[in-house]
Chemist: 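Mind looking over this structure? Questions follow.
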Number of protein chains: 2
Amino acid sequence: MHKAYDDPQTAGVALEHALLVSLRERPATGIELTRRFDRSIGFFWRATHQQIYKVLRRMESEGWVTASAGDARSTERRYAATKAGERVLADWIGSPTPAATMRSDLAVKLRGASYGDRSKLLGHLDDLVAEHRTRLAHFEQLEHEQFPHTDGLSGHDLDTWLVLRGGIKQEQFWIEWLTEYTAAHRKATP
Amino acid sequence: MHKAYDDPQTAGVALEHALLVSLRERPATGIELTRRFDRSIGFFWRATHQQIYKVLRRMESEGWVTASAGDARSTERRYAATKAGERVLADWIGSPTPAATMRSDLAVKLRGASYGDRSKLLGHLDDLVAEHRTRLAHFEQLEHEQFPHTDGLSGHDLDTWLVLRGGIKQEQFWIEWLTEYTAAHRKATP
DNA sequence: CTCACTTGTGCAACTAGTTGCACAAGGCGT
DNA sequence: ACGCCTTGTGCAACTAGTTGCACAAGTGAG
């Protein structure tokens, strides 16, 4: 009748799973999840509150999460993962992920720079590098505060640290690449 | 009447612009563009042929490109950028780009690994690292073949090389991060 | 010649995510 | 007690991209 969504090949659809991870760490309302996505989890996934509410409702109707009225006589709905949700998450984590490809506006601009105003682009790139440096500094401070010694880490704590490391490496990637780009062009056309 | 799409703030919508870049390099049919996206340009942007045809039609109706019957008595349509399209592209290249955030399934899995089968995940990560090493080798070979000496490069050639450098750095990022992840966990739980 | 195969184009139906807005409930200042 | 701000939830309309399929025209093998 309707297009079933239980194709076992399905690999994408990560927002559901990201929410399940967050809810397993600790039950939360929609807005709390939004704020988490703006913070620690946010450097590898981003979502608006509207999208999060929509997806939470769908997950509830599929039985992956339950909602309970948190603070009485409020409209607040506090979500938690169900056993079914935990199983869905575990299955997904164990499934293979295709290698990521980049999908970056900026790379398109760099490739096409000779069809536009290169000096203006180079100016924007300076701003971007500065922004990435700020984010890098922020992440490094988080690492310093939350993981002062990393030798004994294991399990979920180790995961959290290593994902933060990924955020740091990602910022370093951008800084290096964009710096190489601007330097090469400023050297070629002084 | 209808929702106008000429908001100057619009920053996303990169497929149009990626196609314009490709068409300025050389006019092409839909399928040729698809193949280019599977190759050189493909390591920073990916699109299906259906999506490309759809967007080309829209760009044609907006006057950014023109189509001409390439090989006579065939259904083939060969596209080229118009002056208007060139202007749109130039404007876009000169506009600021927000800093990219990651948006990666895999990062979610790494963060949530303790809620699934970690040894299975580590196995998949080994496969992914192997795949990224293969792609890295491929990109490095491209660099070696197409840019044997990079000292005198400037303009569009320099852009092409630097974007390829970005692809290489991106692959290195993945290899380093995933290797760090698997090594740390295998050390923590031998 | 004809049948299977490839190439190039495209539609239809769907999922995912964005943008703009609405509205209810509680807190707070004056 | 009144207006105003913040918090939390959510709908509506839209853009972007994916998946599955169709179909016409040329190509090559038996």
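In what follows, chains carry the letters A, B, and so on, assigned in the order in which the sequence lines appear, proteins first and then strands, with residues in each chain numbered from 1. Note that the structure is a prediction, hence the values are computed from the model and not measured.
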Chemist: Using 30° and 60° as the class boundaries, would you call the ring planes of A:H156 and B:Y115 parallel, tilted or perpendicular?
Modeler: tilted
Chemist: Using a heavy-atom cut-off of 4.0 Å across all strands, would you classify B:T34 as base, sugar-phosphate, or nothing?
Modeler: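 The answer is nothing, as B:T34 stays clear of every strand by at least 4.0 Å.
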Chemist: With a cut-off of less than 4.0 Å, is there a side-chain N or O of A:R58 near OP1 or OP2 of C:dA16?
Modeler: yes
Chemist: Hey, is the side chain of A:R35 poking within less than 4.0 Å of OP1 or OP2 on D:dG8, counting only N and O atoms?
Modeler: yes
Chemist: Crowded around A:K120 NZ? As in, over 12 foreign heavy atoms under 6.0 Å?
Modeler: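 Counting other residues, nucleotides and ligands, NZ of A:K120 stays at 12 neighbours or fewer.
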Chemist: On DNA chain C, check which nucleotide each of A:E16 and A:H49 is closest to and give me the residue with the more 5' one.
Modeler: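 The answer here is A:E16.
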Chemist: Tell me whether the OP1 or OP2 atom of C:dG17 has a side-chain N or O from B:R103 closer than 4.0 Å.
Modeler: yes
Chemist: Look at the aromatic rings of B:W161 and B:F147 and report parallel, tilted or perpendicular, splitting at 30° and 60°.
Modeler: tilted
Chemist: Using OP1 and OP2 only, check whether a side-chain N or O of B:Q51 sits under 4.0 Å from D:dT18.
Modeler: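 Negative; the distance criterion is not met.
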Chemist: Any donor-acceptor pair under 3.5 Å between the side chain of A:Q50 and the base of C:dG17?
Modeler: no
Chemist: In terms of the nearest nucleotide of DNA chain D, which residue is placed more toward the 5' end: A:Y79 or A:K54?
Modeler: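 Looking at the nearest nucleotide for each, A:Y79 comes out on the 5' side.
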Chemist: Considering only side-chain heavy atoms of A:T48, which listed nucleotide, C:dT9, C:dT19, C:dG17, is closest?
Modeler: C:dT19
